[in-house]
Asker: 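Structure in structure tokens, see below.
Here the structure is a predicted model, which is why all the values come from computation and not from measurement. Sequential numbering from 1 along the given sequence is applied to the chain's residues.
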Amino acid sequence: MDQEYERRLLRQINHQNLPKEARLTKAVSATCSPVSVKSGDRFIPTRAGSNWSINFHYANENCRSPNQNHKAKDASSDSSKDAVTYAALLRNELLGAGTETVLDPHTDDRHHPVLFQDSHSLFRYTVHKKRVPFNSDNEISPYSLSPLSNKSHKLLRSPRKPARKISKIPFKVLDAPELQDDFYLNLVDWSAGNLLSVGLGACVYLWSACTSQVTRLCDLSVDGDSVTSVCWNERGSLVAVGTHKGFVQIWDAAGGRKITSLEGHSARVGALAWNGEQLSSGSRDRVILQRDIRTMPSSSAERRLQGHRQEVCGLKWSPDHQHLASGGNDNKLLVWNSSSLLPVQQYSDHLAAVKAIAWSPHQHGLLASGGGTADRCLRFWNTLTGQALQSTDTGSQVCNLAWSKHANELVSTHGYSQNQILVWKYPSLTQVAKLTGHSYRVLYLAVSPDGEAIVTGAGDETLRFWNVFSKTRCTKESKSVLNLFTRIR
């Protein structure tokens, strides 16, 4: 007899002769012990501690690196949505995830939730439930030849949001000779009557978006002066012109005549902002003057707001006409009300000049601001509570900000060192588009009256028109005067 066989046979006989309690103790200890003991001619491995990394539902954004996620978001929206739909379809058919709708890969959420996870086993036996009677609203026909489940059919039938496409090429380019390359000036504005006012050297020109006709409104060279700011009133009938010598002139655009010239500043006026019939002006003399043009000339109707220690380069009134935001070269952002002579709020988080200021038309009290070269940050403030909300580093000097009238988005123009135009989605602060074309810093920005297009100006002496915002929330104004533009390069 073989010795090995004889040894195994004797071991089995001895095991059977043991008392029942001893055999039970030995079996329990053998089961709990992680060390496998070779017994007999069979080896059964223990897979309880195995780490199965082949689960299909792990193929989502959580398994990717941040760089891979960033590249995926920069890919085309069509291919991204197709990939997400296909992945959801596989999860439905292979894993029974039950997904009925597809999440947009470019939504504000940083990570899409995993709809189905089972860390114990990927392949498992299931007992099919008895089929319920057919319901045309909830199930597919029992006679359908499609191999897909009911959930997958709902997934494929779910409506898909059309892809947002922003052209990276301006639809119109105008020459703007003598457009100054000065960060502290505001030389471009777009009126409610669809007239674009541009300060070029000592002159102010009006360009009609309807007829493309150009007219010269004023020429300050006769007085040895130059234009430093322009700003339309809300109705688009009057345009205010700030000058290098500290004057503020009010012009009737339709009649082409000067209504009045306001004194009070001792240095150039680089920022203007209308609030109904009141006009606010900010100057290099660090003073903000607020005057009612209906009572001119009268010093009693003048309010002097003193809070900045250096030049005032940004002014914007809130949509409810109650608060004025001012930015200065002292890196301060101040908020004033309509009655006090002192700022009611002061923000000092910026590390450079604050020229870019914009109030949100969608959220009451939300204020956005941008800093200069040493700061490069977009910051958002809740002026109702005085709290800082969030910020992001744009990587370059922030020159201008403007909110979309129809969606919770905003556009920013930049200078050193990339000279780009960025469209942001709020509050996620994800970039919707990046537009380039200017060879100098993009110092000037204005939004069209219908809220769809913007115009940007730079020291390269060009004005470029871009379609960046969509009118998704506005159904009444279906016809836009901007359609009269001839789209040329």
Side-chain angles (χ1 to χ4, degrees), residues 186 189-192 229-236 238 240 242 269-282 287-293 301-308 312-328 332-350 354-371 378-391 398-412 424 426-427 445-449 451 454 469 473:
N186 292 273
D189 198 18
W190 208 329
S191 76
S229 58
V230 294
C231 185
W232 288 95
N233 68 342
E234 295 178 5
R235 291 178 294 181
L238 302 177
V269 179
L272 295 168
W274 287 88
N275 184 25
E277 300 299 330
Q278 295 181 342
L279 178 63
S280 301
S281 57
V287 177
I288 301 173
L289 294 181
Q290 185 174 330
R291 294 170 278 200
D292 194 324
I293 63 171
E302 178 181 285
R303 295 178 62 230
R304 296 178 65 90
L305 308 180
Q306 295 178 306
H308 289 283
V312 180
C313 50
L315 283 178
K316 285 291 168 60
W317 277 96
S318 61
D320 61 358
H321 307 286
Q322 299 299 315
H323 293 88
L324 173 68
S326 65
K332 298 292 189 299
L333 175 65
L334 306 181
V335 178
W336 315 75
N337 60 21
S338 56
S339 58
S340 176
L341 297 179
L342 296 176
V344 294
Q345 292 177 1
Q346 176 174 322
Y347 304 104
S348 307
D349 293 4
H350 285 291
V354 182
K355 176 192 176 185
I357 303 173
W359 292 90
S360 171
H362 312 290
Q363 186 173 341
H364 180 62
L366 176 59
L367 177 64
S369 61
L378 283 181
R379 300 184 184 274
F380 297 84
W381 318 90
N382 184 349
T383 59
L384 302 180
T385 61
Q387 295 177 343
L389 297 178
Q390 55 198 122
S391 65
V398 184
C399 302
N400 286 283
L401 282 174
W403 288 87
S404 168
K405 298 179 180 180
H406 312 293
N408 210 9
E409 297 177 347
L410 69 161
V411 61
S412 60
W424 305 84
Y426 186 84
L445 170 69
V447 183
S448 64
I454 63 170
F469 295 132
R473 296 186 183 178

Asker: At what distance, to the nearest 0.5 angstrom, does OG1 of Thr383 lie from CD of Gln345?
Answerer: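 The distance works out to 5.5 Å.
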Asker: Ignoring hydrogens, what is the shortest heavy-atom contact between Trp190 and Ile454? Give both atom names and the distance.
Answerer: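 That would be CZ3-C, 4.2 Å.
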Asker: Which heavy atom in His308 sits nearest to a heavy atom in Ser326, and how many Å separate them?
Answerer: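 Closest heavy-atom pair between His308 and Ser326: NE2-OG, 2.8 Å.
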Asker: Quick one: list whatever passes side-chain hydrogen bond (donor to acceptor under 3.5 Å, both in side chains) with Gln306, sequence neighbours left out.
Answerer: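 With sequence neighbours excluded, Gln306 shows a side-chain hydrogen bond (donor to acceptor under 3.5 Å, both in side chains) to no residue whatsoever.
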Asker: Applying side-chain hydrogen bond (donor to acceptor under 3.5 Å, both in side chains), can you list everything that pairs with Ser281, at least two apart in sequence or on another chain?
Answerer: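 Ser281 satisfies side-chain hydrogen bond (donor to acceptor under 3.5 Å, both in side chains) with His265, Arg291 only.
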Asker: Which residues pass the side-chain hydrogen bond (donor to acceptor under 3.5 Å, both in side chains) test with Trp424, sequence neighbours left out?
Answerer: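 In terms of side-chain hydrogen bond (donor to acceptor under 3.5 Å, both in side chains), with neighbours along the sequence ignored, Trp424 is linked to Ser412.
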Asker: Check side chain to side chain contact (heavy atoms under 4.5 Å, CB included) between Asn337 and all other residues, then give those that pass, not counting sequence neighbours.
Answerer: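 Expected list: His323, Ser339, Ser340, Val344.
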Asker: Atom OG in Ser229, atom CG in Asn186: separation rounded to 0.5 Å?
Answerer: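 Reported value, rounded in 0.5 Å steps: 6.5 Å.
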Asker: With sequence neighbours excluded, tell me which residues meet side-chain hydrogen bond (donor to acceptor under 3.5 Å, both in side chains) with Trp359.
Answerer: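 With neighbours one apart ignored, the set is empty.
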Asker: Name all residues meeting the salt bridge (charged side-chain N to carboxylate O under 4.0 Å, His left out) criterion together with Glu234; count only those two or more places apart in sequence or in a different chain, and write none if there are none.
Answerer: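 Listed in chain order: nothing, the list is empty.
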Asker: Going by heavy atoms in the side chains, are Tyr426 and Gln390 under 4.5 Å from each other?
Answerer: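 Yes, close enough: below the 4.5 Å cut-off.
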Asker: Using the test ring pair (Phe, Tyr, Trp, His ring centres under 6.0 Å), find all partners of Trp381 that sit at least two apart in sequence or belong to another chain.
Answerer: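 In terms of ring pair (Phe, Tyr, Trp, His ring centres under 6.0 Å), with neighbours along the sequence ignored, Trp381 is linked to Tyr347.
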Asker: How far apart are the closest heavy atoms of Ala240 and Leu272, and which atoms are they?
Answerer: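 Nearest heavy atoms, Ala240 then Leu272: O-CD1, 3.6 Å.
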Asker: How long is the span from the CH2 atom in Trp274 to the CG atom in Asn233, to the nearest 0.5 Å?
Answerer: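 Between Trp274 CH2 and Asn233 CG, I get 5.0 Å after rounding to 0.5 Å.
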Asker: Just so I know, are the side chains of Phe469 and Glu409 near enough to count as touching, which here means a heavy-atom distance under 4.5 Å?
Answerer: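 Result yes, sub-4.5 Å side-chain heavy-atom pair found.
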Asker: Considering residues at least two apart in sequence or located in another chain, which fulfil the side chain to side chain contact (heavy atoms under 4.5 Å, CB included) criterion with Gln290?
Answerer: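 With sequence neighbours excluded, Gln290 shows a side chain to side chain contact (heavy atoms under 4.5 Å, CB included) to Gln278, Ser280, Arg303, Leu305, Trp317, given in chain and number order.
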Asker: Between Leu324 and Asn275, is any pair of side-chain heavy atoms under 4.5 Å apart?
Answerer: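 A side-chain contact is absent here, since even the closest heavy-atom pair is not under 4.5 Å.
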Asker: List in chain and number order the residues that pass side chain to side chain contact (heavy atoms under 4.5 Å, CB included) with Val354, two or more places apart in sequence or in another chain; answer none if no residue qualifies.
Answerer: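 For Val354, the residues satisfying side chain to side chain contact (heavy atoms under 4.5 Å, CB included) (neighbours in sequence not counted) are Leu333, His350, Ile357, Ser369.
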Asker: Tell me every residue that passes side chain to side chain contact (heavy atoms under 4.5 Å, CB included) with Ser360, counting only those two or more places apart in sequence or in another chain.
Answerer: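 Residues passing side chain to side chain contact (heavy atoms under 4.5 Å, CB included) with Ser360: His362, Gln363, Leu366, Trp403.
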Asker: Can you see which heavy atom on Ala368 is nearest to which on Leu410, and at what distance?
Answerer: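 So the two residues come closest at CB-CD1, 4.3 Å.
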Asker: Return the minimal non-hydrogen interatomic distance between Gly282 and Leu315, and the atom names on each side.
Answerer: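 Residues Gly282 and Leu315, closest heavy atoms: N-CD1, 3.4 Å.
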Asker: Roughly how far, to the nearest 0.5 Å, is the CD atom of Gln346 from the CH2 atom of Trp336?
Answerer: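 Spacing of CH2 (Trp336) from CD (Gln346) equals 9.0 Å.
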Asker: Donor-acceptor pair, distance only, cut-off 3.5 Å: does the side chain of Lys405 make one with the backbone of Pro449?
Answerer: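 Yes: the side chain of Lys405 pairs with the backbone of Pro449.
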Asker: Give the minimum heavy-atom separation between Lys355 and Cys399, together with the two atoms involved.
Answerer: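 Nearest heavy atoms, Lys355 then Cys399: CD-O, 3.5 Å.
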